[in-house]
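The next block holds one structure in the form of structure tokens; read it before the comments.
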Amino acid sequence: MLVYPSGLDVSSSALRLLSTELRRRREEIGTRWRRLSTGRQALLTLAHLRNGHPYAQLAAGFGIGTTTAYRYITEAVEILAALAPSLAEAARTASAKAFVLLDGTLLPIDRIAADRPFYSGKHKRHGMNVQVIADPFGRLLWASPALPGSVHDIRAAREHGIVEALTEARIPCWADKGYRGAGGTVRIPRWGRWETLSTGQQAVNRSHAKIRALVEQAVATLKSWRLLRKLRCSTTRITSLVRAVLTLHLTSSN
């Protein structure tokens, strides 16, 4: 396998955070020697998450075995996932905002047609449902654990306790029609076919759509980490990957 130098469009603050946490982890478990330093292990993990390179390619580039690369990346992802903010913490952060934006996105996975629980009828493909909360400027605040793609957005929001958390914190939330019946502080467009709505109702829906459209920036931010564009790992690991990416994004944006 040929090896070549490459760049990585990730903030150095993310590398410093992960290196520090890995160093602390090694001190806790008493690690004496490893094939890679904490800085190189952090860089290995960032390359995997940001560019989505498979373990074999990364192993060749870093001069280690494929199994070692998998073990190092898994360890780093678990450390980052543990640092991700909880929904309660995100609600406290959002309480200083005028309102928040809520939407669901599908993270595509590599599954066959028989895996019905992961098939999204809305997107016509297999994937995992992740709920995203953004601030009024479309900046990512929180991402939920991943649920099978067949789960609808309103059900996912209820299972995660998003509606209750936002209502308790009295935070207005703008969402699409997929959250019909959510209640609380969640606001959705006027229901009905466009031609049956009054002029005033159509104007309200246009205004709502303009505000809510900014949540797409948060979704794009999440998927700018290329690993999340096509996941080929076990579905049990996807929540940890999403939470790890959330931690890195919040670190880089602070």
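Fair warning: this is a prediction, and the values are worked out from it, not measured in the lab.
Within the structure, the salt bridge (charged side-chain N to carboxylate O under 4.0 Å, His left out) test picks out the following pairs touching residues 13-26 (sequence neighbours left out): Glu21-Arg24, Arg25-Glu75. For residues 160-188, the set of pairs meeting the salt bridge (charged side-chain N to carboxylate O under 4.0 Å, His left out) definition, not counting sequence neighbours, comprises Asp176-Arg212. Listed by first then second residue, pairs satisfying salt bridge (charged side-chain N to carboxylate O under 4.0 Å, His left out) with a partner in residues 87-100 number zero, not counting sequence neighbours.
Qualifying ring-ring contact (aromatic ring centres under 6.0 Å, His included) partners for Phe62, counting only residues two or more places apart in sequence or in other chains: none. Partners of Arg158 according to the side-chain hydrogen bond (donor to acceptor under 3.5 Å, both in side chains) rule, which considers only residues two or more places apart in sequence or in another chain, do not exist here. In this view, Ser120 and Leu106, Lys122, His123 satisfy the side chain to side chain contact (heavy atoms under 4.5 Å, CB included) rule, not counting sequence neighbours.
Taken to the nearest 0.5 Å, the CG atom of Leu107 stands 11.5 Å off from the NZ atom of Lys230. We find the CG-CD1 distance between Asn205 and Ile188 to be 9.5 Å, quoted to the nearest 0.5 Å. For the atom pair Leu222 CG and Leu228 CG, the distance stands at 5.5 Å (nearest 0.5 Å). Note: Thr251 OG1 to Leu15 CG = 11.5 Å, rounded to the nearest 0.5 Å. Note that CG of Asp103 and CG of Leu214 are 12.0 Å apart. Values are rounded to the nearest 0.5 Å. Between Glu159 atom CD and His152 atom NE2 the span is 12.0 Å, to the nearest 0.5 Å.
Heavy-atom minimum distance, Leu246 versus Ala143: CD2-N, 3.7 Å. In plain terms, the two heavy atoms of Ser19 and Ala42 that are nearest each other are OG-CB, 3.5 Å. When every heavy atom of Asn129 is checked against every heavy atom of Pro148, the shortest pair comes out as CB-O, 3.9 Å. Ala175 approaches His208 most closely through the heavy-atom pair O-NE2, 2.7 Å. Ser224 approaches Arg50 most closely through the heavy-atom pair OG-NH1, 3.3 Å. Looking at every heavy atom in both residues, Ala81 comes nearest to Ser240 through CB-O, 3.6 Å.
Thr239 places no side-chain N or O within 3.5 Å of a backbone atom of Pro145 that could act as its donor or acceptor partner. Of the possible donor and acceptor atoms, none in the side chain of His249 sits under 3.5 Å from a partner among the backbone N and O of Leu141. Checking side-chain atoms of Asn51 against main-chain N and O of His53 turns up no donor-acceptor pair under 3.5 Å. Judged by distance alone, the side chain of Thr38 and the main-chain N or O of Leu22 form no donor-acceptor pair under 3.5 Å. In terms of modelled atom types and a separation under 3.5 Å, the side chain of Arg243 and the main chain of Ala84 share a donor-acceptor contact. A donor-acceptor pair is defined here as one N or O able to donate and one able to accept, closer than 3.5 Å; no such pair exists between the side chain of Gln57 and the backbone of Pro54. In terms of modelled atom types and a separation under 3.5 Å, the side chain of Gln41 and the main chain of Tyr72 share a donor-acceptor contact. Judged purely by atom type and a 3.5 angstrom limit, Lys223 has no side-chain atom pairing as donor or acceptor with the backbone of Ala220. Side chain of Ser207 to backbone of Ala203: no donor-acceptor contact under 3.5 angstrom is found.
The hydrophobic cluster containing Ile154 does not contain Leu147, counting ILVMFWY residues as joined when their side-chain heavy atoms lie under 4.5 angstrom apart, directly or transitively. Val151 and Val242 end up in different hydrophobic clusters when Ile, Leu, Val, Met, Phe, Trp and Tyr side chains are linked at under 4.5 Å. Under the 4.5 Å side-chain heavy-atom criterion for grouping Ile, Leu, Val, Met, Phe, Trp and Tyr, Leu36 is connected to Ile79 within one hydrophobic cluster. Transitive grouping of hydrophobic side chains (ILVMFWY, heavy atoms separated by less than 4.5 Å) brings Val245 and Leu8 into a common cluster. If you chain together hydrophobic residues whose side chains sit under 4.5 Å apart, Leu231 and Tyr70 fall into the same group.
Crowding of Arg155 atom CZ: a count of heavy atoms from other residues, nucleotides or ligands under 6.0 Å not exceeding 12. A 6.0 Å sphere centred on CZ of Arg190 holds no more than 12 heavy atoms belonging to other residues, nucleotides or ligands.
Residue Val100 forms a side-chain contact (heavy atoms from CB on, under 4.5 Å) with just one option from Asp135, Thr185, Ile162, Leu166, and that option is Leu166. For the side-chain contact (heavy atoms from CB on, under 4.5 Å) with Ile133, the lone residue among Leu101, Val215, Leu102 that qualifies is Leu102.
A heavy-atom distance below 4.5 Å is not found between the side chains of Leu248 and Val10. Counting heavy atoms from C-beta on, the side chains of Thr247 and Leu17 come closer than 4.5 Å. Side-chain contact between Pro85 and Leu250 is present, with at least one heavy-atom pair separated by less than 4.5 Å.
The aromatic rings of His48 and Tyr55 sit parallel to each other, their planes meeting at less than 30°, with 60° as the upper class boundary.
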